[in-house]
Amino acid sequence: MLLTRSFYKLDTEEVACGLLGCCLCHETEEGLVSGIIVETEAYLSRNDPACHASRGMTRRNATMFGPPGHAYIYFIYGNHYCFNIVTGPKGLGEAVLIRAVEPVSGLDLMYYRRGKVESITDLTSGPGKLCQAFAIDKKLDGHDLRNKPLFICGKSTVGDRQIVVTPRIGISSAKDKKLRFIISGNKYLSRRESVG
DNA sequence: GTTAAGATCTGCT
DNA sequence: GCAGATCTTAACG
């Protein structure tokens with residue numbers, strides 16, 4: 001059950017929330033890896049200085065202004081990629097950052113790609129980490145997530161889980177906005193839940 | 001052409 | 001808990 005374009009076109013905060021529990025899959029020559037999304041952040045076009053699109057379209061963020069359901073991937077801090085999903089109608093410039101997933105299949109491949117990790121909870125518990133484990137890089141920028149090799153399936157065997165909203169992480173502006181969505185208590189979150 | 005800042009991770013204290 | 005790694009992007013001259 002692939003997620004449809006009409007889903008990605010919804011309000012960005014709705015998509016960020018709705019993506020929790022969905023399954024991210026990536027097929028490569030090395031094999032298939034997949035994981036359940038457990039942590040997301042919404043980046044809005046209006047009144048959100050932390051969003052790359054807040055100052056208009058540039059070469060880097062052009063993908064954010066494209067059709068919803070495409071991957072927006074950028075390189076940060078010289079070492080890491082961040083994986084986003086474009087949301088809202090085309091031209092709006094909003095996206096959802098995938099911050100953490102719970103590994104499901106392809107664990108050996110994830111360990112191999114990540115190199116030295118001591119715990120399974122270090123495989124994909126952060127934006128840079130999951131991109132490395134999933135072999136996501138700039139070649140996939142603009143990729144339509146309804147197609148292989150990188151795609152997202154809807155909720156399957158996931159039961160009811162409690163979703164919590166908190167302030168975003170790792171940004172210096174607009175910290176007060178509660179646009180981070182997590183599955184409460186999940187051990188693969190990028191950081192521990194703090195009491196709001 | 002040059003420079004400052006960044007949606008992070010890791011290792012050391 | 002804190003600083004360093006490391007390089008792309010964007011703003012400025």
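Naming: A, B, ... by sequence-line order, numbering from 1 per chain. Heavy-atom basis, side chains included; hydrogens, waters and symmetry copies ignored. It should be emphasised that the depicted structure is a prediction, and the values quoted were computed from it without experimental measurement.
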Colleague: Applying a 3.5 Å limit to both distances, which nucleotide forms a Watson-Crick or G-U wobble pair with C/dT8?
Modeller: B/dA5
Colleague: Name the nucleic acid region contacted by A/Lys138, choosing base, sugar-phosphate or nothing; use a 4.0 angstrom heavy-atom cut-off, strictly under.
Modeller: sugar-phosphate
Colleague: Among B/dT10, B/dT8, C/dA10, find the nucleotide with the atom closest to the side chain of A/Arg114.
Modeller: B/dT10
Colleague: Whole angstrom is fine here: how far is it from CG in A/Leu123 over to P in B/dC9?
Modeller: 13 Å
Colleague: Rounding to an integer number of Å, can you tell me how far A/Phe181 CZ sits from B/dA7 P?
Modeller: 19 Å
Colleague: What contact category does A/Ser190 fall into here, base, sugar-phosphate, or nothing, at under 4.0 angstrom with non-hydrogen atoms?
Modeller: nothing
Colleague: Under the 3.5 angstrom rule, does the side chain of A/Arg168 hit a backbone N or O of A/Ala42 as a donor-acceptor pair?
Modeller: yes
Colleague: Using modelled atom types only, decide if a donor and an acceptor are shared between the side chain of A/Asp141 and the backbone of A/Lys138 within a distance under 3.5 Å.
Modeller: no
Colleague: A/Arg55 near the nucleic acid: base, sugar-phosphate alone, or nothing, with a heavy-atom cut-off under 4.0 Å?
Modeller: nothing
Colleague: Atom CZ of A/Arg168 and atom C1' of B/dA7: how far apart are they, to the nearest Å?
Modeller: 8 Å
Colleague: What class does the angle between the rings of A/Tyr74 and A/His52 fall in, given that below 30° is parallel, 30 to 60° is tilted and above 60° is perpendicular?
Modeller: perpendicular
Colleague: Would you say that more than 12 heavy atoms from the other residues, nucleotides or ligands in this model lie under 6.0 Å from the NZ of A/Lys177, or not?
Modeller: yes
Colleague: Counting only side-chain nitrogens and oxygens, does A/Ser172 get under 4.0 Å of the OP1 or OP2 atom of B/dG6?
Modeller: yes
Colleague: Taking the side chain from A/Asn61 and the backbone from A/Gly56, do they hold a donor-acceptor pair closer than 3.5 Å?
Modeller: yes
Colleague: Could you list all N or O pairs between the protein and nucleotides 2-5 of chain C that sit under 3.5 Å apart?
Modeller:
residue: C/dA5; atom: N3; partner: A/Asn79; partner atom: ND2; Å: 3.3

Colleague: For the pair made of OH in A/Tyr72 and C1' in B/dA7, what is the distance, rounded to whole Å?
Modeller: 9 Å
Colleague: Distance-only, no hydrogens or angles: does the A/Lys155 side chain make a donor-acceptor pair with backbone N or O of A/Leu20 under 3.5 Å?
Modeller: yes
Colleague: Between A/Arg99 (side chain only) and A/Glu39 (backbone N and O only), is there a donor and an acceptor less than 3.5 Å apart?
Modeller: no
Colleague: For the pair made of CD1 in A/Ile73 and P in B/dT8, what is the distance, rounded to whole Å?
Modeller: 16 Å
Colleague: Rounded to the nearest angstrom, tell me the gap between atom OH in A/Tyr81 and atom P in C/dT8.
Modeller: 8 Å
Colleague: A/Pro127 side chain: which of B/dG6, C/dA10, B/dC9 is closest?
Modeller: B/dC9
Colleague: Between atom OH in A/Tyr74 and atom P in C/dT6, what is the gap in whole Å?
Modeller: 20 Å
Colleague: So which nucleotide from B/dC9, B/dA7, C/dT9 ends up closest to the side chain of A/Arg60?
Modeller: C/dT9
Colleague: In this structure, how many angstroms lie between the P atom of C/dC7 and the CZ atom of A/Arg59, rounded?
Modeller: 20 Å
Colleague: From the options B/dG11, C/dC7, B/dA7, select the nucleotide whose nearest atom is closest to the side chain of A/Lys116.
Modeller: B/dG11
Colleague: Below 4.0 angstrom from OP1 or OP2 of B/dA7, is there any side-chain N or O of A/Arg180?
Modeller: no
Colleague: Testing A/Val96, A/Leu150, A/Leu97 one by one against A/Phe83 for a side-chain contact (heavy atoms from CB on, under 4.5 Å), which residue passes?
Modeller: A/Leu150
Colleague: Of A/Gln132 and A/His52, whose closest DNA chain B nucleotide lies nearer the 5' terminus?
Modeller: A/His52
